[in-house]
Amino acid sequence: MQTAEFLIDIGRYYLYAGGAVAVLFLVIGIERVEPSAQESYAFRPLLIPGICLIWPLVLYRWFHLEREKEAEE
Amino acid sequence: MSVQYMPVLWNRNKIFYDAVLLIAVGLYLFVFIRVAPAFEDVSKPIDGAILRMRAFGSCAFLMLTIILCIGPLARLDRRFLPLLYNRRHFGVLTAGIAAVHANYVLGWYFNFSPTDKYAALLSSNTSYGQVLGFPFESLGIAALLILFVLAATSHDFWLSFLGAPIWKALHMSIYAAYAFVVLHVAFGALQGPADPIFTGVVAASVVLVCGLHFMTGRMEAARERGEETAKASLQENGWVVAGDLDDIDEDCAKVVTLNEDERVAIFKYDGKLSAITNACAHQNGPLGEGKVLWGCITCPWHGYQYNLADGRAPAPFTEKISTYRLKLIGSTVLLDPNALPPGTHVDPVEIGGAA
């Protein structure tokens, strides 16, 4: 039971962290790294579940695309 | 320039596809839940909640089977391509149906647990070391998580943001989800009282998915071998490899140098390929740097125009240039380096219809 509760806690905190990343990314990041998302808002809530589930990958790509942009400038 | 994202892109075909999908799923669930019980063994009645659980679980399993069959079927026969292009909504609906199945399981078996129902689900059976009585629920959870990730990352944005290699690798995990579901069923439902119909359906699904993938794998290997042979044979006859089809932008040309004095411009336009000499008949202007309009190329220097299929200027003009024969083997463009007399008609190579 303890292991199960521990796993569920890990999952819960993982999703909380994903929620925080989703807010940051959808407010700040998305327009910086994805030109097609500029002035396009209706589709953004659809991205929240995906960001919550794969937020480490989202952070990695965000960082990577920011660096690519810097290198181009 | 870019196109703004929309929440969901629908067109007439997609609406029709989604309507058929929803009706088919609704019919399956209706028959399973409302009609099938009339034919069950009255001495072993099944509770309504268990029936709904099985209806949604088996529906998700069949949908996953169909999703995995669409890819190889489209490679075997192009008529299945519309199913392939619309597969996204099918996948999202499958994840939804699987989630309803999981919700029924939680509601039926763990709702009145004194502890958190999710913790009860994970801790009710931890005999991972045995085959009979294996905690098959964990396999279902793994499959459901994968289906959630795939459904949540199905929007066009994700393909662009993650990049094609990462997105494709992520979505290849559909095969892991299928394997988990098959094991979930094998260690779960199939361990109960013998049900020849369900056992047969699961076995047929595995044979179908594996068989179709095996067949397409063999067919593509044979096609590649055939293409290599055809390419080698053409090269033996003096044809040259001009490059890959993807190297040529739409309505533009790839210029191939045959020797110091002879350059050939291979144009991609309207789903076709044509080759003409790169030198304009007027002052040797670089035709390969021009753009195609209405099947004609305009010389960027002085505006002389030529029909790409025959190298002739549109009437009333009379200029003519050399044309060349092309072949498309797979995605490789091959060029016969022997120039045809100026003005010779050569049927353009159809890109979709290439062998």
Side-chain angles (χ1 to χ4, degrees), chain A residues 1-19 21-69 71-72, chain B residues 1-10 88-89 91-92 95-96 99 106 110 113-128 135 137-138 141-142 144-171 173 177:
Chain A
M1 181 61 76
Q2 276 184 337
T3 312
E5 282 169 352
F6 176 67
L7 287 174
I8 286 164
D9 279 343
I10 288 180
R12 185 178 294 131
Y13 291 123
Y14 179 89
L15 291 179
Y16 288 158
V21 172
V23 171
L24 266 180
F25 181 70
L26 293 179
V27 173
I28 303 168
I30 192 165
E31 295 205 0
R32 293 174 59 86
V33 296
E34 187 61 42
S36 300
Q38 283 169 9
E39 294 178 30
S40 186
Y41 302 101
F43 86 103
R44 295 188 192 189
L46 287 181
L47 306 182
I48 295 172
I51 299 172
C52 288
L53 287 168
I54 59 164
W55 61 265
L57 190 54
V58 171
L59 285 179
Y60 163 76
R61 283 298 293 171
W62 183 2
F63 179 70
H64 179 78
L65 291 169
E66 288 276 5
R67 285 192 59 175
E68 260 184 12
K69 211 169 76 173
E72 279 172 16
Chain B
M1 197 172 75
S2 59
V3 179
Q4 282 193 334
Y5 288 119
M6 304 282 286
V8 184
L9 275 177
W10 263 301
R88 186 184 322 196
H89 294 184
V92 174
L106 279 170
F110 302 100
S113 165
T115 53
D116 176 77
K117 58 184 176 183
Y118 297 102
L121 170 69
L122 289 179
S123 58
S124 60
N125 180 5
T126 52
S127 311
Y128 287 95
E137 298 87 350
S138 54
I141 294 168
L144 191 60
L145 283 175
I146 293 174
L147 291 180
F148 277 164
V149 170
L150 301 194
T153 57
S154 61
H155 193 276
D156 282 341
F157 162 82
W158 290 103
L159 177 58
S160 167
F161 174 65
L162 296 176
I166 295 178
W167 190 86
K168 280 183 182 168
L170 188 66
H171 281 247
S173 61

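We name chains A, B, ... by the order of the sequence lines, and we start the count at 1 in each one. All values below were derived from every heavy atom in this structure, side-chain atoms included, with hydrogens, water molecules and symmetry-related copies excluded.
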Inset, instruction - Kindly indicate, with the supporting measurements, whether the criterion side-chain contact (heavy atoms from CB on, under 4.5 Å) is fulfilled by A:K69 and A:L65. - result: CA-CA 6 Å; A:K69 211 169 76 173; A:L65 291 169; over 6 Å; no

Inset, instruction - Taking atom OH of A:Y14 as the centre, report whether more than 12 heavy atoms of other residues, nucleotides or ligands fall under 6.0 Å from it. - result: yes

Inset, instruction - Count the heavy atoms belonging to other residues, nucleotides or ligands that lie under 6.0 Å from OH of B:Y128, then report whether that count exceeds 12. - result: yes

Inset, instruction - Could you have a look at B:V149, B:D156, B:L121, B:L170 and say which one has the most heavy-atom pairs with chain A under 4.5 angstrom? - result: B:V149

Legend entry - Residues in residues 39-48 of chain A near chain B [non-hydrogen atoms, under 4.5 Å]: A:E39, A:S40, A:A42, A:F43, A:L46, A:L47

Legend entry - Those residues of residues 51-62 of chain A, ordered by number, that approach chain B below 4.5 Å (heavy atom to heavy atom): A:I51, A:L53, A:I54, A:L57, A:V58, A:Y60, A:R61, A:W62

Determine the minimum heavy-atom distance between [X] and [Y], stating which atoms define it.
| X | Y | result |
| --- | --- | --- |
| B:A151 | B:A95 | CB-CB, 3.9 Å |
| B:S123 | A:A4 | CB-CB, 3.8 Å |
| B:A177 | B:L147 | CB-CD2, 4.3 Å |

Under 3.5 Å, sequence neighbours excluded: what are the donor-acceptor pairs made by side chains of residues 161-168 of chain B?
from	atom 1	to	atom 2	distance (Å)
B:W167	NE1	B:T153	O	2.9
B:W167	NE1	B:H171	NE2	3.3

Inset, instruction - Would you check if B:V92 and B:L150 make a side-chain contact, meaning some heavy-atom pair closer than 4.5 Å? - result: no

Inset, instruction - Taking the side chain as every heavy atom from C-beta outward, state whether A:V33 and A:F25 have any atom pair closer than 4.5 Å. - result: yes

Inset, instruction - Output every pair passing salt bridge (charged side-chain N to carboxylate O under 4.0 Å, His left out) with a member in residues 49-58 of chain A, not counting sequence neighbours, ordered by first then second residue. - result: none

